[in-house]
Amino acid sequence: MTRTMILTGPERRRSWPDGLRAEILAEAFRPGAVVSEVARRYDVSTSRIYTWRKELMEAPGSVGFVEAIVTSSSPVSEEVPASTDADISVDMPCGARVRISSGASAELVAAALRALR
């Protein structure tokens with residue numbers, strides 16, 4: 001059965017609140033998720049979801065999406081002592097390692113990752 005939505009009034013396009021967009025993006029790009037299934041569930045096109053992701057990544061001041069690889073253990077180089085308060089350790093492609101503690105502000109983390117790009 002095909003479902004049709006008729007919009008009446010001056011607004012002819014659907015709009016999604018920022019919170020709902022963020023929820024859809026988080027669900028669509030969760031590991032193991034299928035974007036087309038999420039799109040169908042929220043009645044939005046897959047191209048719209050990819051457009052939202054692109055806009056988010058290109059937004060000024062936005063860190064965007066970063067590929068993360070989770071391992072059970074990672075070798076720690078001898079030059080940099082292991083920090084006991086680091087909650088996240090990011091190995092950059094350039095060879096740098098960034099350790100982030102839970103007390104770090106989002107602005108500080110974003111600025112550090114932008115500087116290492």
Side-chain angles (χ1 to χ4, degrees):
M1 174 180 227
T2 303
R3 195 169 69 162
T4 303
M5 180 181 289
I6 299 174
L7 299 173
T8 61
E11 184 61 40
R12 297 195 137 194
R13 294 179 185 224
R14 288 179 55 194
S15 64
W16 290 266
D18 291 339
L20 182 56
R21 283 186 190 193
E23 181 182 326
I24 293 170
L25 285 171
E27 189 174 332
F29 296 105
R30 186 172 291 133
V34 178
V35 176
S36 62
E37 290 175 2
V38 174
R40 205 172 301 116
R41 202 168 26 256
Y42 286 95
D43 194 29
V44 61
S45 70
T46 55
S47 64
R48 174 61 51 198
I49 292 176
Y50 285 109
T51 299
W52 288 341
R53 181 176 74 164
K54 182 180 176 191
E55 289 170 355
L56 179 65
M57 291 189 310
E58 293 174 351
S62 173
V63 175
F65 291 92
V66 178
E67 179 183 358
I69 301 171
V70 179
T71 60
S72 58
S73 65
S74 64
V76 177
S77 67
E78 296 300 322
E79 304 94 39
V80 181
S83 174
T84 57
D85 64 345
D87 295 318
I88 299 172
S89 180
V90 180
D91 292 325
M92 304 297 287
C94 62
R97 175 175 286 163
V98 180
R99 290 194 170 98
I100 303 168
S101 70
S102 60
S105 69
E107 294 81 18
L108 177 62
V109 173
L113 292 176
R114 270 196 306 274
L116 289 169
R117 273 190 190 166

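Bear in mind the structure is a predicted one, so any value in this text is a computation, not a measurement.
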Calculate, to the nearest 0.5 Å, the distance between atoms [atom1] and [atom2] belonging to [X] and [Y] respectively.
| X | Y | atom1 | atom2 | answer |
| --- | --- | --- | --- | --- |
| Arg53 | Arg21 | CZ | CZ | 15.5 Å |
| Leu56 | Lys54 | CG | NZ | 13.0 Å |
| Ile49 | Glu27 | CD1 | CD | 9.0 Å |
| Phe29 | Ile24 | CZ | CD1 | 11.0 Å |

Problem set entry | Considering all heavy atoms, the nearest Ser36-Thr46 contact | CA-CG2, 3.5 Å
For this session: Identify the heavy atoms of Ala33 and Ala28 that sit nearest to each other, and give their distance.
Result: CB-O, 3.5 Å
For this session: Compare all side-chain heavy atoms of Trp16 with those of Trp52 and state whether any distance is below 4.5 angstrom.
Result: yes
